[in-house]
Amino acid sequence: MVSPEGFPVCSSCGLVAQELIFDWSTPPDGDVKGRIYLGGWEEGSIITNPPLGGSRVSERLVKLNIRVKYGGGRSADREVFRELTVICKALGLPREVCEHAFIIYRKLVRVLRDVVAGRRVTHFKVAAAALALSSRSEGRPIPPLKIAKAFRARGHLVSPSDIMEIVHLARRRGGVPRYTTRDMLRLCAAVLAKLGVKVDEAVVRDAEEVLHAVPRHYVSGRDPHLLALAALYLVLKRRGVSISYYRLARITRRATSSVRANVKLLEKLLHMREVAVALS
DNA sequence: GGGCGCCTATAAAAGGG
DNA sequence: CCCTTTTATAGGCGCCC
């Protein structure tokens, strides 16, 4: 079944089942029975409030769960997890974003092991960078300044440049996947596919072409995910597949006007390009 | 650090099925 | 309700002081 936070959990034991959901579409329906391992480190549940009924799980059980899942003792990870939970809540982020950030945090710590021991790069700065990356991979990037403020509100000395520095460092070491235009398009395509809108590889390629054809400076500053979405919309429309702005926006949890604005912009730019080509 | 203008994303509303 | 389009507003970012 699906927890109120949109988390697939086992109906009988409450363990998180199935891959975490990071896209914007609605979670899958139906029961998931039994225990499923998620990449090796998820050994328990961190469902702090039971998905069924209103009774709270005991504090002791919650602590036990966290210890089992994230390692015993007073590890830095536990502290980070707690802070991430509070900060994500303050930022109004759903639990899966927090979870994802924590997964990335652990990866970053592993990649930057030698640096994190130092004074300049603290665990919390890494956690802040992880939050930036998780929100980015999810298609809803949170500006480093906003993250830094949220961390500072909790007393952590985190600046936007700290976040950017750590991301840069980890990227140079190959610890951070690069999100290309194609990745973003695939992400959008996967969301559409769940709604029965067929998006094959050729469509993705065409959309990629559209985005590459557009001069950078015309679209700088715009949300790349919205642009990717708009490109997909255009390509689909060109192929006679009709989706409304309304539906597209609802699926992706965006505003219809933003989707439309980006589509119109791309249309305009493509038209300008055609004219330029015709004149040359 | 503000104050200011520019720009984007979004919510809300308007208006037509 | 489903959809498109317009309008108003919030919030970011750079720039200037």
Side-chain angles (χ1 to χ4, degrees), chain A residues 6 22-26 29 87-94 96-97 101 128-168 179 181 183-185 187-189 191-199 207 210-272:
Chain A
F22 302 134
D23 65 40
W24 326 303
S25 67
T26 48
D29 231 3
I87 287 164
C88 284
K89 203 168 197 175
L91 289 171
L93 301 171
E96 61 260 30
V97 175
L131 187 54
L133 287 173
S134 73
S135 65
R136 215 180 284 178
S137 77
E138 195 208 0
R140 305 298 290 254
I142 304 167
L145 179 64
K146 201 169 178 179
I147 295 175
K149 275 184 181 164
F151 272 78
R152 272 210 291 274
R154 296 285 300 173
H156 306 295
L157 288 174
V158 178
S159 71
S161 53
D162 285 333
I163 294 173
M164 291 190 276
E165 184 192 357
I166 291 170
V167 169
H168 181 70
Y179 290 105
T181 307
D183 293 331
M184 283 186 280
L185 286 169
L187 193 63
C188 292
V191 175
L192 292 181
K194 280 190 182 174
L195 253 127
V197 181
K198 280 258 161 67
V199 183
V210 166
L211 289 176
H212 282 312
V214 167
R216 284 288 166 83
H217 58 277
Y218 281 111
V219 292
S220 68
R222 306 190 93 94
D223 188 327
H225 290 88
L226 269 174
L227 282 168
L229 202 60
L232 277 181
Y233 177 91
L234 274 182
V235 172
L236 285 172
K237 193 175 160 194
R238 203 182 284 167
R239 296 183 175 219
V241 182
S242 69
I243 343 161
S244 66
Y245 294 129
Y246 180 80
R247 267 222 303 162
L248 199 57
R250 278 202 32 180
I251 298 164
T252 54
R253 301 196 187 160
R254 293 286 187 162
T256 54
S257 46
S258 348
V259 177
R260 180 175 182 274
N262 280 271
V263 170
K264 292 290 175 193
L265 178 73
L266 284 187
E267 273 178 340
K268 197 183 85 187
L269 293 176
L270 288 179
H271 183 248
M272 272 171 54

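By convention in this document, chain letters (A, B, ...) are assigned in the order of the sequence lines, proteins followed by strands, and residues within each chain are numbered from 1.
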- Task: Quickly work out the A:Tyr245 OH to B:dA9 P distance and round it to whole Å.
- Result: 15 Å
- Message: So, applying side-chain contact (heavy atoms from CB on, under 4.5 Å) with A:Arg254, which one of A:Ile251, A:Thr256, A:Thr252 is it?
- Response: A:Thr252
- Message: For a 4.5 angstrom cut-off between non-hydrogen side-chain atoms, does A:Leu248 reach A:Leu229?
- Response: yes
- Query: Above 12 or not: heavy atoms from other molecules or residues under 6.0 Å from CG of A:Leu157?
  - Reply: no
- Message: Without decimals, in angstroms, what is the distance between A:His217 NE2 and B:dC7 P?
- Response: 14 Å
- Message: Rounding to an integer number of Å, can you tell me how far A:Leu145 CG sits from B:dG1 P?
- Response: 12 Å
- Query: For C:dT4, does either OP1 or OP2 sit under 4.0 Å from a side-chain N or O belonging to A:Thr256?
  - Reply: no
- Item | Euclidean distance, atom NZ of residue A:Lys146 to atom P of B:dA9 [Å, nearest integer] | 15 Å
- Item | A:Asn262 CG - B:dT10 P separation (whole Å) | 9 Å
- Message: Heavy-atom count check: over 12 atoms from other residues, nucleotides or ligands less than 6.0 Å from A:His271 NE2?
- Response: no
- Which whole-number value in Å describes the distance from A:Leu227 CG to B:dT8 P? 10 Å
- Over how many whole Å does the gap from A:Tyr246 atom OH to B:dA12 atom C1' extend? 13 Å
- Query: Is any side-chain nitrogen or oxygen of A:Arg254 closer than 4.0 Å to OP1 or OP2 of B:dT10?
  - Reply: yes
- Below 4.0 angstrom from OP1 or OP2 of C:dC3, is there any side-chain N or O of A:Ser244? yes
- Message: Could you tell me how far apart A:Tyr218 (OH) and B:dC7 (P) are, to the nearest whole angstrom?
- Response: 14 Å
- Using a cut-off of strictly less than 4.0 Å, decide whether A:Arg260 has a side-chain nitrogen or oxygen near OP1 or OP2 of C:dC3. no
